[in-house]
Amino acid sequence: MSLPKRDGVHDRYYLIHKPDTSPEVLAEADLCIQDVLNGTARENHSAYPTVVRNHNGTPFLPNQLLERYLSKLPLKGFPYEEAVTFCDALRRLVGWQEICYTLEKYIEKQVQERYFEAGEKEDDFTPYPPCTVWPELRPEDVDEGLLRFACYVAICHTVYGQSFESLTTEHILSLVSQIRPDMVKELKTNGSGKLPPNIQKRKTKHLTASANDAFATIRITARDCGEGACEEALSYLIEILEQPEFPRSYSIEFRGPEKIHLPIPGLPKKGVHQLFACAVRYPRLHVRMENYARLAMQEDEWYNNLSDESCAMPGTFAVFALGLDGPKWWRLVCDYLDRCDDEHSSLQEKFIHTFFKKYGFTAQSLPVLVHGVQSMQNLKPAKEFRTLIANEESLDALLEIKGHLEYYLSEESGSNKRALAYLWHDVLWAIWGTTSENGGSKVIKTAPKELKEKYQQVFA
């Protein structure tokens, strides 16, 4: 079979949504869909845009394959299981972001527009309009399989999407709940059903716990906060995060009898904070805390039940607890800071202030400061910092950092003098604040005589 020639911008893939698409191309597309189901389709891992190739090597855009597949499904007697099987296979092949928009638009067209009347949005910040069921809609007009597929799409937005996609989850489930509240209630009770039963619910002599992947929630109620209870809680969290289907942004709702928190002023006093403040008291559990933190901390993911001003990446409280415990965990702290969202996350500033008040500025501790200033915008100093740095050992350690500052930048930026200067400016600001400006003239002027030369080197 001879396929039509591709031209121009589309020479890397075939378009299959045009009215004049040739039968040969559509046949290859259908073959590609079957190959996705069989596991024999291939995706280009590095090139842009992402394409899927069938076993003949014919390339197509993933969203167009999905559109074609969905367009052939009946809306009465919708084959829910078959549709989920294909979508899961395609997602595993190309990633959620390649197909999420197509799925959202499909639900909008086939569920929202067919079953609901959309009102006016209250304001420009509300992502979806209020929707009410069409008055003339009859129960027999609603297809159960299609509603179940809508629930599947809703869950995927939470499980595989970015944190803000939970808004889409809420919207789709609010639609389904107006027609089949029992369907949504089942999801709220048991999740998607993909988690193993002993992870969905767990009860021991120390705690009662549950995990719901559909709503990205973990609930733990501890009867005590001793070592055994904390160990079981940590093990449970690790087991959950080892499940590939569990969302990477989620809520931990912990309740325990001991209301203790880390000695870091300003941290939100939530249950997740309480859990790790309890666990860090037991040295035997520290490695397990690190295991949880390394599984949990991922860029652009969040604990969902913290307010915007206290937003925190999963793993935050475990990292802070271990970081205050001693130098053994400072590599973990630096790795955590490297993953922080420098536009939204600022809780690390509170940790950094407490950290340096406890450990001072040393050759071991100063890398935390450098990673810290890179983790957020405008890290402010604590008022104690200028006193804590004012000794020969600390200034020598700071000069050592200055001499190897390129280690803290990418290979490309490490040779960029402007990038190095910006980073050093931020480090100085994080210690001395406004007095670091104008070459640190105010700092140098008030420096002890025996340290003045070192201050001059620092600001040179």
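What's counted below: heavy atoms across the whole structure, side chains too, no hydrogens, waters or symmetry copies.
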Between atom [atom1] of [X] and atom [atom2] of [Y], what is the distance when rounded to the nearest 0.5 Å?
X	Y	atom1	atom2	value
L241	Q298	CG	CD	8.5 Å
L369	I431	CG	CD1	5.5 Å
L388	K358	CG	NZ	14.0 Å
L262	K350	CG	NZ	14.0 Å
L65	L70	CG	CG	11.0 Å
L61	R12	CG	CZ	10.0 Å

Evaluate whether atom [atom1] of [X] has more than 12 neighbouring non-hydrogen atoms of other residues, nucleotides or ligands under 6.0 angstrom away.
X	atom1	result
K188	NZ	no
K357	NZ	yes
R255	CZ	no
K205	NZ	no

In the structure I gave you, are the side-chain heavy atoms of [X] and [Y] within less than 4.5 Å of one another anywhere?
X	Y	answer
W329	H286	yes
S166	T158	yes
C100	C156	no
M183	C151	yes
I220	L237	yes
T21	L15	no
T316	Q348	no

Which heavy atom of [X] sits nearest a heavy atom of [Y], and at what distance?
X	Y	answer
T354	P263	CG2-O, 3.3 Å
Q112	P129	NE2-CG, 4.3 Å
L103	C87	CD2-SG, 3.9 Å
A214	T169	O-CG2, 4.4 Å
A279	L234	CB-CD1, 4.1 Å
F116	W134	O-NE1, 2.8 Å

Check: [Y] main-chain N/O paired with [X] side-chain donor or acceptor under 3.5 Å:
X	Y	value
S174	H171	yes
S310	S307	no
N56	T58	no
D426	Q374	no
Q162	D300	no
Q64	I16	yes
E245	S192	no
N44	V51	yes
D224	G226	yes
K269	G266	no

Practice task
Tell me, with the steps shown, if E186 and N190 meet side-chain hydrogen bond (donor to acceptor under 3.5 Å, both in side chains).
Solution key: CA-CA 6 Å; E186 172 66 19; N190 297 317; 2.8 Å; yes
Exercise for the section: Mind running side-chain contact (heavy atoms from CB on, under 4.5 Å) on L167 and E170 for me, showing each step along the way? Expected result: CA-CA 5 Å; L167 295 171; E170 291 171 14; 4.2 Å; yes
Exercise for the section: Evaluate side-chain hydrogen bond (donor to acceptor under 3.5 Å, both in side chains) for R223 paired with T208, printing each intermediate quantity in order. Expected result: CA-CA 8 Å; R223 293 172 182 80; T208 302; 3.1 Å; yes
Thinking salt bridges, do [X] and [Y] make one under a 4.0 Å N-O criterion?
X	Y	value
R339	D335	no
E290	K328	no
K185	D182	no
D35	R53	no

Problem - For R288, salt bridge (charged side-chain N to carboxylate O under 4.0 Å, His left out) partners two or more places apart - result: E231
Handout entry: side-chain contact (heavy atoms from CB on, under 4.5 Å) evaluation trace for I260 with R281
Key = CA-CA 11 Å; I260 64 170; R281 298 179 299 178; 3.7 Å; yes
Exercise for the section: Return the orientation label for the W96 and Y160 ring planes: parallel under 30°, perpendicular over 60°, tilted otherwise. Expected result: tilted
Exercise for the section: Kindly assign one of parallel, tilted or perpendicular to the pair Y408 and H371, based on the angle between their ring planes and the thresholds 30° and 60°. Expected result: perpendicular
Exercise for the section: Just do the side-chain contact (heavy atoms from CB on, under 4.5 Å) check on Y106 and L66 with the steps written out, would you? Expected result: CA-CA 10 Å; Y106 182 80; L66 179 56; over 6 Å; no
Practice task
Would you list the pairs meeting salt bridge (Lys or Arg N to Asp or Glu O under 4.0 Å) in which at least one residue belongs to residues 140-150, sequence neighbours left out?
Solution key: R138-E140, R138-D141, E144-R148, E144-R180
Handout entry: Side-chain donor-acceptor pair present, E253, N305, cut-off under 3.5 Å
Key = no
Handout entry: Cation-pi, Y236 ring and R202 (6.0 angstrom, 45 degrees)
Key = no
Problem - Inter- and intrachain pairs under ring pair (Phe, Tyr, Trp, His ring centres under 6.0 Å), touching residues 289-325, at least two apart - result: Y250-Y303, H273-F317, F276-Y292, F320-Y336, F320-F351
Practice task
Start with the C-alpha gap between L173 and I155, add the side-chain angles, then the distance that decides, and say whether side-chain contact (heavy atoms from CB on, under 4.5 Å) holds.
Solution key: CA-CA 9 Å; L173 292 181; I155 292 169; 5.6 Å; no
Practice task
Output, in order, the C-alpha distance, side-chain angles, deciding distance and verdict of side-chain hydrogen bond (donor to acceptor under 3.5 Å, both in side chains) for T168 and Y128.
Solution key: CA-CA 8 Å; T168 306; Y128 299 101; 2.7 Å; yes
